[in-house]
Amino acid sequence: MSLLQHAEQAVLGACLLDPTQLVHLKQQRLKPEDFEKPIHRAIYQALLDLHDTKTPTTTTAWPTAVLAQARRYVRGLNTSYLYRVTGACPRPSHAPTYATIVREGATRRLLIQAATRLQQAAGEGALLRVIDAAEPLITQFQHHPPPPAIHRDPSAPPDPPPTDPEHVADELDLLTTLTHHPEGLRDIPWLHPTDFTNPTRAHLYQCLTALAHRGDPIDSLTLHWEMHRRQTLNGDASHHLDAIADHPTGSSPTFLADRLLTSSVLRAATRTAETIHTHATNEATPLRTVVRHAQQPLNYLATTIRRWQARHPTSGSRSRATSTAGPAPVTAHRHV
């Protein structure tokens with residue numbers, strides 16, 4: 001029997017042995033849907049029903065009434081199973097702590113379900129569905145102090161590799177357009193270097209924005225100079241600079257930047273979903289560790305969504321979750 005299943009049985013056993021524990025569980029807002037097994041949901045719902053109706057809680061009357069009421073919600077429940085859950089409870093007075101374990105299990109399941117929806121939407125390139133799927137995750141991670149900073153776990157999924165030739169071409173076309181027509185930078189202040197899939201192209205965009213901010217002239221030579229000043233010149237950078245100088249383009253910078261920002265949201269959604277799945281599906285990983293690892297990619301997803309929404313204010317309603325100052329981590333329930 002898993003830890004979670006044992007905890008679910010212990011909570012129910014505590015309430016059968018000591019019905020007064022239901023007062024504490026109600027204060028904790030433990031709900032039937034927090035239980036994983038349908039039979040446990042039915043028993044807990046029956047306990048709540050009878051507690052609300054002031055059913056007598058004598059040694060014999062209480063279990064009999066619970067059994068009869070629970071059978072209204074689930075088939076196959078018998079007296080022997082009630083004896084089993086009663087025996088699974090070490091101490092009825094510890095019911096609030098057992099309930100904490102149950103709630104952590106429910107939170108883990110909700111995170112996995114939300115991450116699955118997010119990953120499916122991102123995989124289909126459905127941007128508005130991505131935003132809808134991200135809302136419950138962002139809301140879940142709000143209103144709590146940030147966790148301590150951590151280094152990336154080697155077991156965490158790496159960022160998706162930029163293998164789409166069309167996307168790579170969009171990035172290069174945008175850099176080329178902005179180099180030959182730098183006035184286009186004024187129209188895309190919402191684009192960030194992190195929206196580029198390649199570090200060299202991100203550095204090139206940073207150099208273009210730095211030149212524009214200082215009011216310096218912008219062309220392929222001054223861009224080369226800025227890369228040199230920042231000590232970011234390497235073989236890949238030289239290749240990109242040659243391509244920019246030799247292939248002027250007349251593409252719309254706003255159109256290209258829009259495509260980059262949309263792709264950035266989809267990549268961030270995929271990365272967030274994969275991170276949550278990697279850690280949340282491993283039952284040996286405590287919930288607080290799942291939260292800690294998910295926080296960084298989820299923060300980035302939320303800010304990227306907000307930038308997209310600011311760019312497209314009429315493309316669907318802004319959610320309350322993504323229009324706030326920024327998501328903070330959900331806190332794992334603390335054991336008492």
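Side-chain atoms are counted along with the backbone in the values below, which use heavy atoms only and exclude waters and symmetry mates. Note that the structure is a prediction, hence the values are computed from the model and not measured.
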Check this for me: Gln231, atom CD, are more than 12 non-hydrogen atoms of other residues, nucleotides or ligands nearer than 6.0 Å? no
In Å and rounded to the nearest 0.5 Å, what is the CG to CG distance from Leu185 to Leu191? 9.5 Å
Less than 4.5 Å apart, side chain to side chain, heavy atoms only: is that true for Ile244 and Leu172? yes
I'd like to know if the side chain of Asn299 pairs up with that of Gln296 as donor and acceptor (distance under 3.5 Å, no hydrogens or angles considered). no
Looking only at side-chain N and O atoms, does Thr116 offer a donor or acceptor that is under 3.5 Å from a partner on His277? yes
Keeping the roles fixed (side chain from Thr270, backbone from Ala122), state whether a donor-acceptor pair exists under 3.5 Å. no
Of all heavy-atom pairs linking Ser251 and Leu256, the shortest is CB-CD1, 3.6 Å
Gln295 side, atom CD; Thr275 side, atom OG1 - distance, nearest 0.5 Å: 11.5 Å
Between Ser264 and Thr304, which heavy-atom pair has the shortest distance, and what is it? OG-CG2, 3.8 Å
Determine, for Arg201 against Asp236, whether the closest basic-nitrogen to carboxylate-oxygen distance falls under 4.0 angstrom. no
Closest heavy-atom pair and its distance - Leu178, Gly184: CD2-C, 3.8 Å
Looking at side-chain heavy atoms only, is the closest gap between Leu47 and Leu22 below 4.5 Å? yes
Go through Arg75 and Ile39 one step at a time and tell me if the side chain to side chain contact (heavy atoms under 4.5 Å, CB included) criterion holds. CA-CA 8 Å; Arg75 295 180 180 179; Ile39 194 171; over 6 Å; no
Can you tell me if Thr200 and Tyr205 form a side-chain donor-acceptor pair at under 3.5 Å? no
Any side-chain donor-acceptor pair under 3.5 Å between Tyr300 and Thr194? yes
Quick one: are Phe35 and Leu30 in side-chain contact, heavy atoms under 4.5 Å? yes
Step-by-step salt bridge (charged side-chain N to carboxylate O under 4.0 Å, His left out) determination, Asp132 to Arg117: CA-CA 9 Å; Asp132 289 341; Arg117 290 192 296 270; over 6 Å; no
Once ring pair (Phe, Tyr, Trp, His ring centres under 6.0 Å) is applied, what residue pairs with a partner in residues 51-103 remain, sequence neighbours excluded? His40-Tyr81
Has Glu283 got more than 12 heavy atoms of other residues, nucleotides or ligands less than 6.0 Å from its CD? no
Heavy-atom pair of closest approach, residues Ala7 and Ile101: CB-CG2, 3.6 Å
Atom CG in Leu67, atom CG in Leu82: separation rounded to 0.5 Å? 5.0 Å
Within one Ile-Leu-Val-Met-Phe-Trp-Tyr cluster: Trp308 and Leu174, side-chain cutoff 4.5 Å: yes
For Ala269 and Val130, work out which heavy atoms get closest and say how close. CB-CG1, 3.6 Å
Between His293 (side chain only) and His279 (backbone N and O only), is there a donor and an acceptor less than 3.5 Å apart? no
Using the rule that Ile, Leu, Val, Met, Phe, Trp and Tyr join whenever any side-chain heavy atoms are under 4.5 Å apart, tell me whether Leu221 and Ile218 fall into a single cluster. no
Backbone of Leu50 reached by a side-chain donor or acceptor of Gln69 within 3.5 Å: no
His312 side, atom NE2; Trp190 side, atom CH2 - distance, nearest 0.5 Å: 6.5 Å
State, with a plain yes or no, whether a side-chain heavy atom of Ser220 is found less than 4.5 Å away from one of Leu241. no
I'd like to check Gln9 versus Cys89 (side-chain heavy atoms, cut-off strictly below 4.5 Å). Are they in contact? no
Is Glu171 salt-bridged to Arg259, cutoff N-O under 4.0 Å? no
May I have all residue pairs that pass side chain to side chain donor-acceptor pair (under 3.5 Å) and include part of residues 29-39, sequence neighbours excluded? Gln5-Glu36
Restricting to non-hydrogen atoms, name the atom on Leu111 and the atom on Ile276 that form the minimum distance, rounded to 0.1 Å. O-CG2, 3.8 Å
If two hydrophobic side chains count as joined below 4.5 Å and joins carry through other members, does Leu25 share a cluster with Leu48? yes
For His203 and Thr232, which I'm curious about, is there any donor-acceptor pair between the side chains at under 3.5 Å? no
Considering only heavy atoms from C-beta outward, does the side chain of Arg267 approach that of His167 to under 4.5 Å? yes
Any side-chain to backbone donor/acceptor pair from Thr285 onto Ala280? Under 3.5 Å, distance only. no
When you check the gap from the basic side-chain N to the acidic O, do Arg230 and Glu226 get nearer than 4.0 Å? yes
Within-4.5 Å side-chain heavy-atom neighbours: Thr254 and Asp258: yes
With the 4.5 Å side-chain cut-off for hydrophobic clustering, are Ile43 and Leu17 part of the same group? no
Do you reckon Leu4 sits in the same ILVMFWY cluster as Ile112, going by side-chain contacts under 4.5 Å, direct or chained? no
Give me each pair satisfying ring pair (Phe, Tyr, Trp, His ring centres under 6.0 Å) with a member in residues 214-240, each pair once, sequence neighbours excluded. none
Are a donor atom and an acceptor atom from the side chains of His180 and Asp219 found within less than 3.5 Å of each other? no
Got more than 12 heavy atoms from elsewhere within 6.0 Å of CZ, Arg91? no
First locate atom CG of Leu301, then atom CG of Leu118, and finally report the distance between them rounded to the nearest 0.5 Å. 6.0 Å
So Leu223 and Leu175, do their side chains get closer than 4.5 Å, heavy atoms only? no
CG/Asp49 to OH/Tyr44 distance, rounded to the nearest 0.5 angstrom? 11.0 Å
Is a donor on one side and an acceptor on the other found under 3.5 Å between the side chain of Arg271 and the backbone of Leu266? no
